[in-house]
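Step one of this worksheet: look at the structure below.
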Amino acid sequence: MKKYRRLLVVFILIWFMAMLYYGVTISREERKQQKYDHSQRHEVVRHPNGATVVVPPADKRTLKGFDEKAYIDATRAQDDPYGRNAFNQVESDKLGSDRPIPDTRHPLCKARAYPRDLPTTSVIICYHNEARSTLLRTVASVLNRSPPHLIHEIILVDDFSDNPADGQLLTNLPKVHVLRNDRREGLVRSRVKGADFATGKVLTFLDSHCESNDEWLEPLLARVKENPKSVVSPIIDVISMDNFQYIGASADLKGGFDWSLHFKWDTFSTRFKASRTDALAPIPTPMIAGGLFSIDKEWWELSGKYDMDMDIWGGENFEISFRIWMCGGRMEIIPCSRVGHVFRKRHPYTFPDGNANTYIK
C-alpha cells in the first residue's frame, strides 16, 4: 500500500512540474506576442543612403494570388505621365506594391510596446480615377504593415470613377470592400458613406495615394483607446510626385491656417519646444491636414460627422477641427505614427458642375 502511495505522490509531482513548465512557456510566448515583435513580421535592411528600411515578409509581399502586374498594366500611362493624375504615373507604375521605404520614426518609437486589446479599425479610402499603382500600394501597405487582427476591414469608396474595375478587382485582397457611388459625390459625402458602412470601433481615413510605414497603426489606436475624444493624425511624410522617393517629414510641426483659410504647417514655438520633455508624446494641434486621421466611431457620430453640403475637399479639415475642439475633444499628431502621402500641385480632375460654379457655391 505504501509503495502505491509513494508512486502516486511521485506521479502528482511530475504532473505538477509539467503543468508549471507549460504555463511559464505559454506565458512567455504571450508576452512576446503582446509586444508585437516587428522584427519577425518585417525584414529590416539598410537603404543605400544609410537609412533603415522596412520590408514586408515574403509571405505578405505576394498578396497571395493577386495578379499585380495585370492589374496595373491595364491602365499604364500612355503619353503624358502627369496627364491623368498630376503625378508621374510612369514612375509609380514601376514600383511594386511592397517596395521598401525608410523607417522615418524617432528611434525611441521602435522600442515601444502596445497592448493586444487595442480597438479594431475600419480603414476608409475614397478615390476618383486614381492610378491603379498608387491605389494598390495604399491598400497593400495597410495590409502588410498592420497587425492583421486590428484591421477590421478596408472600405474603398469609388466616387464614380470611369472604370469600376479599378476598385472591384481589389476585392480579391483580404478584408477589402468596395462601395461605388452612382454619381460624383465628392470626398466629404463619400467619406460619410464609407463611415456609415463601417463596423470597426475606430474609423481611419486615408487618401488613395499613401504608403503606411512600420507600426503606423498601433500608436493611433492606442491614443484613441486612451482618450476616445482625441482625433489623431500621423506625421505625414512626403512621397515625391516626380520620382516617388519617400522623404521623412519634420516631427516639429503642427497644423494651422492663415486668414484666407488655407491650411499650413507651423513650426513649434520656442516656448512649446522648451516645455516638451517627451519627444514621443502626442502633439496638440489646432488643425489636422484632413486627409489622414483616426477617430472613435461613436465620437465621430456624436460630434456630427461631416457637413454633407460640402462638395469638394479642402474645407472639411477646418470644419471637423473647429467642431471637435468646441465639443470638448482634442486634435493631436502622434509622432510614432508615420504615413507617406503624394502631394500634388493641381487637381487632376474636374467637378461635375464646373470648377468655377463649384468654388463659388
### Query
Do the numbers put Lys254 on top of the ring of Phe272, so that NZ or CZ is under 6.0 Å from the six-membered ring centre and no more than 45° off the axis?
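Judged by the rule, Lys254 and Phe272 form a cation-pi pair.
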Could you tell me whether the side chain of [X] and the main chain of [Y] form a donor-acceptor pair under 3.5 Å?
X      : Y      : result
Ser337 : Pro234 : no
Gln89  : Thr75  : yes
Ser122 : Glu153 : no
Arg84  : Ala131 : no
Ser141 : Thr138 : yes
Arg132 : Asp73  : no
Asp296 : Val224 : no
Asn213 : Pro102 : yes
Ser230 : Val232 : no
Lys110 : Arg105 : no

### Query
With sequence neighbours left out, which residue pairs that include part of residues 276-290 fulfil the side-chain hydrogen bond (donor to acceptor under 3.5 Å, both in side chains) condition?
none
Is any side-chain heavy atom of [X] less than 4.5 Å from a side-chain heavy atom of [Y]?
X      : Y      : value
Val231 : Trp300 : no
Leu217 : Ser212 : no
Leu173 : Leu136 : yes
Arg344 : His209 : yes
Leu292 : Trp216 : no
Val157 : Asn181 : yes
Tyr114 : Leu221 : no
His152 : Thr199 : yes

Value rounded to 0.5 Å, distance of [atom1] in [X] from [atom2] in [Y]:
X      : Y      : atom1 : atom2 : result
Asn129 : Asp158 : CG    : CG    : 8.0 Å
Thr121 : Ile151 : OG1   : CD1   : 6.5 Å
Ser240 : Gln245 : OG    : CD    : 7.0 Å
Ile124 : Ile155 : CD1   : CD1   : 5.0 Å
Cys327 : Arg330 : SG    : CZ    : 15.0 Å
Leu118 : Glu226 : CG    : CD    : 11.5 Å

Minimum heavy-atom separation for [X] to [Y], with atom names?
X      : Y      : answer
His341 : Ile236 : CB-CG2, 3.6 Å
Ile288 : Phe263 : O-CE1, 3.6 Å
Phe268 : Lys273 : CB-CG, 3.7 Å
Arg338 : Pro335 : NE-O, 4.2 Å
Glu218 : Leu150 : CG-CD1, 4.1 Å
Ser208 : Glu130 : OG-OE1, 2.6 Å

For a quick check under 3.5 Å, do [X] and [Y] share a side-chain donor-acceptor pair by atom type?
X      : Y      : result
Ser133 : Ser92  : yes
Glu185 : Ser190 : no
Tyr127 : Asp166 : no
Asp237 : Thr104 : yes
Ser250 : Asp252 : no

Are [X] and [Y] in one and the same hydrophobic cluster, where Ile, Leu, Val, Met, Phe, Trp and Tyr link if side-chain heavy atoms are under 4.5 Å apart?
X      : Y      : answer
Val90  : Ile72  : no
Leu108 : Ile334 : no
Phe160 : Leu187 : no

### Query
Quick one: do Lys225 and Asp117 make a salt bridge, cutoff under 4.0 Å?
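The answer is yes: the pair qualifies as a salt bridge.
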### Query
Any salt bridge between Arg191 and Asp207, counting N to O under 4.0 Å?
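A salt bridge links Arg191 with Asp207.
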### Query
When you look at Cys109 and Leu280, which way does the side-chain contact (heavy atoms from CB on, under 4.5 Å) test go after all the steps?
CA-CA 7 Å; Cys109 293; Leu280 308 188; 3.5 Å; yes
### Task
Evaluate the ring planes of Phe87 and Phe244, with Trp represented by its six-membered ring, and classify them as parallel (under 30°), tilted (30 to 60°) or perpendicular (over 60°).
perpendicular
### Task
Can you label the angle between the Tyr306 ring and the Phe293 ring as parallel, tilted or perpendicular, going by 30° and 60°?
perpendicular
## Note on the structure
Exactly one candidate in Arg137, Glu68, Glu211 meets side chain to side chain donor-acceptor pair (under 3.5 Å) with Ser97; the answer is Glu68
### Crowding at NZ, Lys264 (>12 non-hydrogen neighbours, <6.0 Å)
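For Lys264, atom NZ is crowded (more than 12 foreign heavy atoms under 6.0 Å).
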### Task
Could you list the residues that satisfy ring pair (Phe, Tyr, Trp, His ring centres under 6.0 Å) with Phe257, not counting sequence neighbours?
Phe318, Phe322
#### Entry: Stepwise salt bridge (charged side-chain N to carboxylate O under 4.0 Å, His left out) test for Asp196 and Lys193
CA-CA 5 Å; Asp196 288 345; Lys193 180 176 183 175; over 6 Å; no
### Message
Using the salt bridge (Lys or Arg N to Asp or Glu O under 4.0 Å) criterion, which residues pair with Glu301? Sequence neighbours excluded.
### Response
Lys297
### Message
Working note: Tyr71 + Leu135, criterion side-chain contact (heavy atoms from CB on, under 4.5 Å); need CA distance, chi angles, decisive distance, verdict.
### Response
CA-CA 11 Å; Tyr71 174 74; Leu135 181 60; 3.9 Å; yes
### Query
Between Arg99 and Asp93, is a salt bridge (charged side-chain N to carboxylate O under 4.0 Å, His left out) present by the stated rule, with each step listed?
CA-CA 12 Å; Arg99 67 146 174 178; Asp93 291 350; over 6 Å; no
### Query
Between Ile333 and Ile235, is a side-chain contact (heavy atoms from CB on, under 4.5 Å) present by the stated rule, with each step listed?
CA-CA 6 Å; Ile333 298 171; Ile235 292 179; 3.8 Å; yes
### Task
Step by step, work out the side-chain contact (heavy atoms from CB on, under 4.5 Å) result for Ser161 and Arg180.
CA-CA 8 Å; Ser161 296; Arg180 179 171 165 84; 4.2 Å; yes
